[in-house]
Amino acid sequence: MTDLTSLTIAEARDKLKAKAFSATELTQAYVSAIEAANEQLNAYVMPTPDKALAMAARSDERLAKGEAGPLEGIPLGIKDLYATEGVHTQACSKILKGFEPRYESTVTANLWADGAVMLGKLNMDEFAMGSSNESSCYGPVKNPWRRKGSNVDLVPGGSSGGSAAAVAAHLAAGATATDTGGSIRQPAALTGTVGIKPTYGRCSRWGIVAFASSLDQAGPIGRDVRDAAIMLRSMASVDPKDTTSVDRPVPDYEAAVGRSVKGLRIGVPKEYRVDGMPAEIEALWQQGIAWLKDAGAEIVDVSLPHTKYALPAYYIVAPAEASSNLARYDGVRYGLRVPGKDLTEMYERTRAEGFGREVKRRIMIGTYVLSAGYYDAYYLQAQKVRTLIKRDFETVYADGIDALLTPATPSAAFGIADQDMASDPVKMYLNDIFTVTVNMAGLPGIAVPAGLTAEGLPLGLQLIGRPFDEETLFSLGSVIEEAAGRFEPAKWW
Ligand code: GLN
């Protein structure tokens, strides 16, 4: 029998229905794979094998009765940012140590209602702040990919590094992730997996630890485009508990996979050709253009003139919202408490000890840009820039562009503890240069693996869509996938 963990969600789903194996067997295969690999890769911070096997047993009962849900018996990993009832949820921060929510996030509740099985909680950057998964209080995740002939450990990207690594290394059939500035798409690109950030409002944010509420969105990371489509359909819903979730029917995204893209007009924004971009990425982009053209799409050069302001504006808006959202971690309501001689000292000590360096940096930036005297110059200005960025997209879409094609990241995976990145936080922030615009404008974006570097590391292309037109992204993404093939790391762990 082939290794069950090598099956995609779609393959496993069909074989479970055909009774080729049971949900318990499939789940056990993942539980064993996690046991064998996690010490090396550090993708899971809290595996939940007992829960997984109990859920799989219930799936087997439903499969036997012919009552299978769309994800019946499919083992998934859950980013530690999602509240899971009775299961430790820490956003990989010391300050949430010991926090066990008494409630389930809406997105994970949707997945369980559709029959999915929870394998455990996945590593991530602390409070989802980062692009390398190195700010986690549980330490870095190792990318399952290595450069050809090298044993240097690389980052899987971030903040959903555990999600991406688990999917790439076959430690989960699929995983939930979140994206505030690129945290689904960047790690997907760096691990040869597919990640989609849906339109703002498509998934409920309820029960997901808040980072920057006007930018945060849930989304899946899968092995291929079809798996991402299958997962998103189950994750998406309107929710009275999140007033920014949108009441629109959830389409059958899987039906869009493989649909013809003939006649679609694809914009190629010249502003995404940034200084110092490696020739390999430019070549990959040109290759992507050629593939879409071959599939019958029309390629149009477009301009999004405010792109260059997106990253600086994001690094004002996101920290501003974070500084407000993180005010609730005060040693009283959740997790860690470090006693002091009075209330103020208790707050100060708890926050000083509980938050890591990057999170503290964001809180300080956020507090500064919101403070009296600086608010107009920074926060208000950034909000105006945000409107201009959104308008750039509206203009090209009004001109009949159906989607945009860009690189997903400015480089392939880099080393753990990279000196360059560690010495200057702005260098780390530059990893998000192609992804933050999409969050600022609230649009959907998908990252699809498109090729390998000369050193053998995966690279991704990004497709950006019209609001709530994830279907077009799945159709275009499957054209790229079909042409590029799928990429799997050579197993060393
Ligand atoms: N890397 C970006 C940041 O650190 C985006 C993170 C995310 O999307 N959660 O803010």
Side-chain angles (χ1 to χ4, degrees), residues 107 160 176-189 193-205 208 212 214-222 225-238 242 244-257 259 261 264-267 269 272 288 292 297 302 304 307 310 314 386 389-390 392-394 396-398 401-408 432 434-448 460-481:
V107 165
S160 312
T176 66
T178 61
D179 193 312
T180 302
S183 282
I184 293 176
R185 293 159 287 155
Q186 187 254 11
T193 55
V194 176
I196 181 165
K197 181 203 92 75
T199 312
Y200 186 80
R202 182 65 287 184
C203 292
S204 169
R205 289 178 296 109
I208 298 175
S214 77
L215 302 161
D216 298 344
Q217 255 305 287
I221 292 182
V225 174
R226 181 178 299 276
D227 280 7
I230 293 170
M231 277 190 73
L232 183 61
R233 188 184 185 187
S234 290
M235 292 168 75
S237 68
V238 64
D242 174 4
T244 64
S245 70
V246 173
D247 190 5
R248 291 171 76 108
V250 180
D252 177 3
Y253 294 122
E254 194 180 356
V257 178
R259 197 179 277 166
V261 301
L264 289 182
R265 301 186 75 216
I266 309 303
Y272 283 62
L292 294 180
V302 299
L304 301 167
T307 300
Y314 169 84
R386 185 174 183 178
I389 291 166
K390 190 158 182 274
D392 282 354
F393 285 103
E394 283 163 3
V396 297
Y397 290 145
I401 296 296
D402 295 293
L404 298 144
L405 179 73
T406 77
D432 306 319
F434 300 136
T435 48
V436 293
T437 50
V438 171
N439 303 75
M440 293 292 263
L443 299 171
I446 192 170
V448 181
L461 287 171
Q462 172 177 237
L463 290 150
I464 305 170
R466 294 169 177 258
F468 296 101
D469 189 13
E470 285 80 5
E471 286 166 284
T472 295
L473 299 186
F474 287 122
S475 303
L476 291 164
S478 59
V479 169
I480 290 175
E481 180 174 76

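Throughout, residue positions are numbered sequentially from 1 according to the sequence presented.
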Requested in this report: Report yes if some heavy atom in the side chain of Thr199 is under 4.5 Å from a heavy atom in the side chain of Leu443; otherwise report no.
Outcome: no

Query - Side-chain touch Arg466/Thr472, heavy atoms, less than 4.5 angstrom - result: no

Query raised in the report: So which heavy atom on Val438 is nearest to which on Gly445, and how close?
Result: CG1-N, 4.0 Å

Query raised in the report: Are Asp179 and Pro198 close enough that some pair of their side-chain heavy atoms sits under 4.5 Å apart?
Result: no

Query raised in the report: When you check the side-chain N and O atoms of Arg386 and Ser214, is any donor under 3.5 Å from an acceptor?
Result: yes

Report task. State, yes or no, whether a side-chain contact exists between Phe393 and Val302 at a heavy-atom distance under 4.5 Å. Result -> no

Report task. For residues Ile266 and Leu404, determine if any side-chain heavy atom of one lies less than 4.5 Å from a side-chain heavy atom of the other. Result -> no

Query raised in the report: Mind checking whether Leu292 and Ile480 have side chains closer than 4.5 Å, heavy atoms only?
Result: yes

**Report entry** Point-to-point distance, once rounded to the nearest 0.5 Å, from CG of Leu476 to CG of Leu405
**Finding:** 8.5 Å

Query raised in the report: side chain to side chain donor-acceptor pair (under 3.5 Å) with Glu254: which residues, sequence neighbours excluded?
Result: Arg13, Arg226

Query raised in the report: Side chains of Arg202 and Gln217: donor-acceptor distance under 3.5 Å anywhere?
Result: no

Report summary line: For Val194 and Ala188, the nearest pair of non-hydrogen atoms, with its separation, is C-CB, 3.9 Å

**Report entry** Residues in side chain to side chain donor-acceptor pair (under 3.5 Å) contact with Asp227, at least two apart in sequence or another chain
**Finding:** none

Query - Heavy-atom closest pair, residues Ala218 and Cys203 - result: O-SG, 3.8 Å

Query raised in the report: So, the side chain of Ser160 versus the backbone of Thr178: is there a donor-acceptor pair under 3.5 Å, distance only?
Result: yes

Report task. Taking Lys390 for its side chain and Thr437 for its backbone only, find out whether a donor-acceptor pair lies under 3.5 Å. Result -> no

Query - Under 3.5 Å: donor-acceptor pair, side chain of Glu470, backbone of Pro444 - result: no

Query raised in the report: Are any side-chain N or O atoms of Asp402 and backbone N or O atoms of Arg265, one a donor and one an acceptor, separated by less than 3.5 Å?
Result: yes

**Report entry** Distance-minimising heavy-atom pair for Gln462 and Pro407
**Finding:** CB-O, 3.8 Å

Report task. Output yes when a side-chain donor or acceptor of Tyr253 lies under 3.5 Å from a complementary backbone atom of Met231, and no otherwise. Result -> no

Query raised in the report: Got a donor-acceptor contact below 3.5 angstrom from the Asp216 side chain to the Ala212 backbone?
Result: yes

Query raised in the report: Taking Thr193 for the side chain and Ala189 for the main chain, is one N or O donor matched with an acceptor at less than 3.5 Å?
Result: no

Requested in this report: Would you indicate whether the side-chain heavy atoms of Phe474 and Leu463 approach each other to under 4.5 Å?
Outcome: no

Requested in this report: Not counting sequence neighbours, which residues clear side chain to side chain donor-acceptor pair (under 3.5 Å) with Asp242? List them please.
Outcome: Arg205, Thr244

Query raised in the report: Quick one: does Gln186's side chain have a donor or acceptor within less than 3.5 Å of a partner on Thr435's backbone?
Result: no

Query raised in the report: Which pair of heavy atoms, one from Ile184 and one from Pro220, lies closest together, and at what distance?
Result: CG2-O, 3.8 Å

Query raised in the report: Between Tyr200 and Leu215, is any pair of side-chain heavy atoms under 4.5 Å apart?
Result: no

Query raised in the report: For the residue pair Ile464 and Leu473, what are the closest heavy atoms and their distance?
Result: C-CD2, 3.7 Å

